[in-house]
Every structure is written in C-alpha cells, then in structure tokens.
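One structure is given here, and the rest of the page talks about it.
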Protein chains: 2
Amino acid sequence: MIAFNVLTIKIDNSTMKFYLKSVLTLTTLFFISTSNADNSANSAWRKLALSNTVLLTLPHGKVVIELAPQFSPENVKQFSGLTKNGFYDSTKFYRVIDGFVAQAGPKDGSKKDKSVPLLAMESEWDADSKWTFTPVQQHDLFAQQTGFKDGFALAYQASKDKLAKAWLTHCPGTIAMARNNEADTASSHFYFVIGQAPRYLDRIMTIFGRVVYGMQHVQAIQRTEVVEGDDAVDHRDFTNIVSMQLMSDVVEAERIHIEVENTESTMFAERLIKRRARESDFFYKKPPPVLDVCQIPIRSRRVK
Amino acid sequence: MIAFNVLTIKIDNSTMKFYLKSVLTLTTLFFISTSNADNSANSAWRKLALSNTVLLTLPHGKVVIELAPQFSPENVKQFSGLTKNGFYDSTKFYRVIDGFVAQAGPKDGSKKDKSVPLLAMESEWDADSKWTFTPVQQHDLFAQQTGFKDGFALAYQASKDKLAKAWLTHCPGTIAMARNNEADTASSHFYFVIGQAPRYLDRIMTIFGRVVYGMQHVQAIQRTEVVEGDDAVDHRDFTNIVSMQLMSDVVEAERIHIEVENTESTMFAERLIKRRARESDFFYKKPPPVLDVCQIPIRSRRVK
C-alpha cells in the first residue's frame, strides 16, 4: 500500500507554493478509476462537448480536435466560424515537413484567403494568484515549470516584478495558427505539429487546440517537402481536406464521441507519479525521475 | 560580417574543457558550404557506405537506415547478418503505438524467433579523454550535455570518481533493439521511435542506427493499438516488411545513395549557432537560446 500526495500548483504571484490537495492510497484510487465515467471533478475521464470538438475528415481517415477557447478565445471563435461555414472543405495541406508540421489553408493571396480578418496573438496569459494547473516538471529546457490543464500541455514562468506568464506548449498533435513574420497576422491557415516538440515556437504562435483522436491519420498526410535529389511532389497529390465540421453539426450516426483523461483528477496525478518513478521491472536501471510534458500521452477513448 | 567560434568538446576525464577549434567568418563558411561535396573532415556532407546502410522496403515506400557499428558493434553485426540472410523479409510490425514506437520481428516464441542468439547491451560507453563530439546543449532534462557524433544524437554525463559515460539518445527515427525485462535479452526484434523522444529509454536500450531517408513511410506504418472503444486492428492488416537488405546487396539500379550532413563540420557547428539564435524576423520575440538535440533535423540528400 503506497500513500502519496496529489499536488496542485496554486500560483501566488511570483512564488510557487505547493498545496497538499489530498492524500489517498492506491487502493482507493484503483477503486475510483474503475468505477467512474461521469464528468465530475474527481472523475478519471472528461467528456468533450460536441460544440467544442471538430471533425476533420481526410481522404484516409477521421481526426478529432478539441478546441481551447479557455486559452485562445478569439482564435477559436474565428476557426469555429470558418469551420461552420465549410471554409476549409477542399483546402489542402500545402506545407508538410516530416518531423515538423502539416500546414493547411486556402491559396495564399486568393480572394478566399484575403476574406478572413487578421487575428491578434493569444499565445500566453497572465497567471494570477487564482490560476491553477497540474504540475509536471520543474526546469525543463524552455520553462521554469511545465504542467497540464484541461488536457493541454502548458508552461509557466514567474517574474520578479510582473505577473507570472503561462502558455500552451507545442507538442505532437498541437494545432496552432500560422502567421506571417509580424505577430498579429494569423487568419485561417493552421498547422499540426507532427514531430518532436518545436518548443521554440511557444509564446509566439497561437495554439488553439489539439488532436484527441486519429493522430495516425495526421501523421499519414502527404509530405510536400522532399530531400534534395528526390522528385518534387506534384501539388495534385497534396492531401485534401474532405471536410472540417463542428462535431455538433455532424449527424448523430457519424459523430465521434470522445472522452479524454481528466488531467485535474487525482487519478491523473497518480499516473504522473508512477510514470516518473518507472517502477516496472523493465527498468533494470532507473532513468532520471523527470518527465517531458510532451512525452506524456493524454489518453482518449471513444464512447457512444 | 559575424565572427564566431566553432567549439568541439574534448573530454578530460571528469571535467569538460572547451577547445577553440577554429575561428571563421560567415563569408568563409558560405564559400565552403557551396563548394564541397566530398568526404573530407571539412566537408558539409558525408557519403554513407553502402555496406553500412540498410534498405527497408515497405508496401507503401522505401526507407534507408544508417547503422552505427562505431557505437553498437555486436548488435549491428547481428542485425546486419540477419538482414543479409533475409531474416526480416515478410515479418510484420506487430506493436505500433502512435506517438511512441513501431516494433517488428518474427512471431514471439517461434522457431525463427528462438534461432537467434541473445545480445549483450551496448547502450552506453566510457568516454575517455580522447573522445570528442559536437556539443549541442548543457543540462537538458536527461543529461549533463547533449551533442552529435557522426549524425547521431547523443548525451554525455561526467562522474566524480569514474570515467564519464556517453550514450546514443532516443529521438524520432532512432532504431533500437527490443528486449524482455532483463538487460541482455535482445535478439532480432527492433523498434523505430515514431513520436516525441522517449528519452527515459536512453542507456537501457541498445540504439544501433537511425532513419536517414523515408521517415514519412515509417510514420505511415499501420498502428496496431487503438483507443478504447474502437475496433481492434486485424493482424492481417499489420504492415509487412516486403524486404530488408544491406544496400550493398541491392542491384545498382535500385540502390538509394544517401549523403547526410557532416555533424563534425564547421558548417554544422555554424548552423547550430544560428538555430539557437533564431535571428529570422519571424521571431518577433526571441525564444530561449536552447536546443533540444532531438529537434535538430540532420539533413539528408540523395545522390547518384
């Protein structure tokens, strides 16, 4: 019987205090995790709202994206509106670099492209004293602290003289708005991260959602960039978006209902502790007790 | 005109000294990098030996692997021998987890499976005072220092009372031997890393090569694990290895000749400096000047 502490970080301006949220035994946890499926605070799973979920249909498979209006409200609003109007249907993934990103949108400079208003950045926010998240790792390469909130990987940085900042981090499966060189120039073009987390893009790109289902189909999108010496890919072979719809606009028979792990649950905090400890016999030598926030899969499951 | 220093780490037992290898201007470098294609120490590109390169033919595309006998001699020897004998032809990728690994090998416990001798781990080595590498980053989450040697990402850790250790790191495209719980139990099963670097497997798995061409085809291997609530994948749909051959055994017309960036070159060291600085106008706010060793693509090109 292993007792452990579940920690939640509560931000107290420039310092971080760790509050003991609860102390439970593993036995209790296992009981809870096998017996619940509702949406309460202590639930292991969280059901996604249909109106906050997007169904991306590719020629080779279906992908579900959870939007993040709590972090990027204006970008989500515009993306949802475009999606609702069928804006992305028949657009193509025109910039797909293996190990990096798969980017889609209308033809650059086209009437359709120019019809969309520019968006202000929503790439970080002030973390005031009331703001909390589930901590993962102190001092990774790019931030003072990483963690999760609502299933999204994020980072946090305190400041001596100002409010702390927090931001969503680029991990595989992240969806973010593309832009020109200037900050507030995103409109409709977006990209999925399909390789090792390009964390250097954190805080300077607006992340507005993440893939919660069908990531293997995102990985199978036709690459548009090839190595030197290989034939260029014909643009007619670029992967097409068959349709992009809000799940709430999809007929019930074709909806994909998704639940994801509740990263605010005691069960999830316990999983982090176990993942860090690597207690399985497989680890005949123990790795360092650290966690890369982008290397922790947040589980999804399909429900009726 | 920006002058810069190219650094190579030379290991002096438990301390790390940085030796100034050369001081060049960018102008000089650009001249060099556009005018060479040979295999000398100052060359930007390195041609791979056919006998040290493997051609993996999948139903949907061709993949080239560079082997690493300088780091894992016995594992490479066994893998090369099996490959030469057609051992992997018609075996399947039976454990493919999106964002993690694609693992292949003969049927567990079969005669073919048992016919292969067990291998001792070759997952790290003593880094004596003569051992050098191209440094990338100090103090990442998992190691004191990361870097490259011969195109392979690696890490280094000094020790107060013993020789320093170095090891190849798990990055996307890494190929390593699978094993049972005990250390020295690898035989023929192997895996590719297809997601965020699982660095916690460093030092406890034998990495013996990396994908240098066709990684998008590795990413398109049929996943065998699905989310809860989805139908299981029929094992008849698992991706098949059409053939695995040493490139030197392939007829000339079907060979894929690859050159990769020479990570020991001054040009490469310069690229690291530029990548860290993020000087493009696109970075309207500068990211932290750090580099994730698994997020630095080592370029390949195809030659005649």
Side-chain angles (χ1 to χ4, degrees), chain A residues 96-100 137 139-143 171-173 179-183 194-204 213 215-216 219-223 226-230 257-259 275 278 280-288 290-292 294-297 299-304, chain B residues 96-100 123 137 139-143 171-173 179-183 194-204 213 215-216 219-220 222-223 226-230 257-259 275 278 280-288 290-292 294-297 299-304:
Chain A
V96 186
I97 302 171
D98 188 73
F100 187 42
Q137 184 63 49
H139 305 301
D140 87 348
L141 265 182
F142 290 83
C171 295
R179 61 166 170 81
N180 297 328
N181 280 354
E182 301 74 30
I194 59 170
Q196 181 76 4
R199 294 279 304 278
Y200 64 94
L201 297 175
D202 291 355
R203 310 180 82 168
I204 59 171
Y213 179 85
M215 186 62 197
Q216 70 274 26
Q219 285 292 3
I221 291 171
Q222 172 67 50
R223 275 49 169 169
V226 298
V227 301
E228 189 186 330
D230 255 353
H257 295 272
I258 296 291
E259 291 185 348
R275 192 172 176 89
R278 312 280 178 196
S280 152
D281 287 344
F282 186 81
F283 299 98
Y284 69 89
K285 266 194 313 197
K286 294 292 169 209
V290 294
L291 290 174
D292 171 0
C294 289
Q295 211 279 317
I296 300 166
R299 287 182 282 228
S300 294
R301 66 181 185 186
R302 197 167 168 176
V303 292
K304 295 289 172 199
Chain B
V96 186
I97 303 171
D98 188 73
F100 187 42
S123 55
Q137 184 63 50
H139 304 303
D140 87 349
L141 266 182
F142 289 84
C171 295
R179 61 166 170 81
N180 297 329
N181 280 353
E182 300 73 29
I194 60 169
Q196 182 74 6
R199 293 279 303 279
Y200 63 94
L201 296 176
D202 291 356
R203 310 180 81 168
I204 58 171
Y213 180 85
M215 187 60 198
Q216 69 274 26
Q219 285 292 3
Q222 172 66 52
R223 274 51 170 170
V226 298
V227 301
E228 187 185 329
D230 256 353
H257 295 272
I258 296 290
E259 291 185 350
R275 192 172 175 90
R278 313 280 179 195
S280 152
D281 288 344
F282 185 81
F283 299 98
Y284 69 90
K285 267 193 314 197
K286 294 292 169 211
V290 294
L291 290 174
D292 171 0
C294 289
Q295 211 279 318
I296 300 166
R299 285 182 284 229
S300 294
R301 67 181 183 186
R302 197 166 167 176
V303 291
K304 295 289 171 198

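A, B, ... follow the sequence lines: proteins, then strands. Residue 1 opens every chain.
Considering all non-hydrogen atoms of both residues, B:Leu141 and A:Val290 come closest at O-CG2, 3.7 Å. B:Val227 and A:Tyr213 make their closest contact through CG2-CE1, 3.8 Å (heavy atoms, listed as atom of the first residue, atom of the second, distance). When all heavy atoms of B:Pro198 and A:Gln295 are compared, the closest pair comes out as CB-NE2, 3.8 Å.
Interface summary for chain A: among B:Gln216, B:Arg199, B:Arg278, the most heavy-atom pairs under 4.5 angstrom belong to B:Arg278. Contacts with chain A were tallied for B:Asp202, B:Asp281, B:Leu291; B:Asp281 has the most, counting heavy-atom pairs under 4.5 Å. Contact tally against chain A (heavy-atom pairs below 4.5 Å) for B:Arg179, B:Arg299, B:Arg302, B:His139: the top residue is B:Arg179. In terms of heavy-atom pairs under 4.5 Å with chain B, the best-connected choice from A:Glu182, A:Gln137, A:Met215, A:Lys304 is A:Met215. Among A:Pro172, A:Ser280, A:Pro297, the residue with the largest count of heavy-atom pairs under 4.5 Å with chain B is A:Pro172. Heavy-atom pairs under 4.5 Å with chain B were tallied for A:Ala220, A:Gly99, A:Ala183; the largest tally goes to A:Ala183. Between chain A and the options B:Asp140, B:Asp292, B:Ile204, the largest number of non-hydrogen pairs under 4.5 Å is found for B:Ile204.
Heavy atoms of B:Asp98 lying under 4.5 Å from chain A belong exclusively to its side chain. For A:Gln222, no part sits under 4.5 Å from any heavy atom of chain B, backbone or side chain.
Scored by the side chain to side chain contact (heavy atoms under 4.5 Å, CB included) test, B:Val226 finds B:Asp230, B:Val233 as partners (sequence neighbours excluded).
Side chain of B:Gln196 to backbone of A:Ala197: a donor-acceptor contact under 3.5 angstrom is found.
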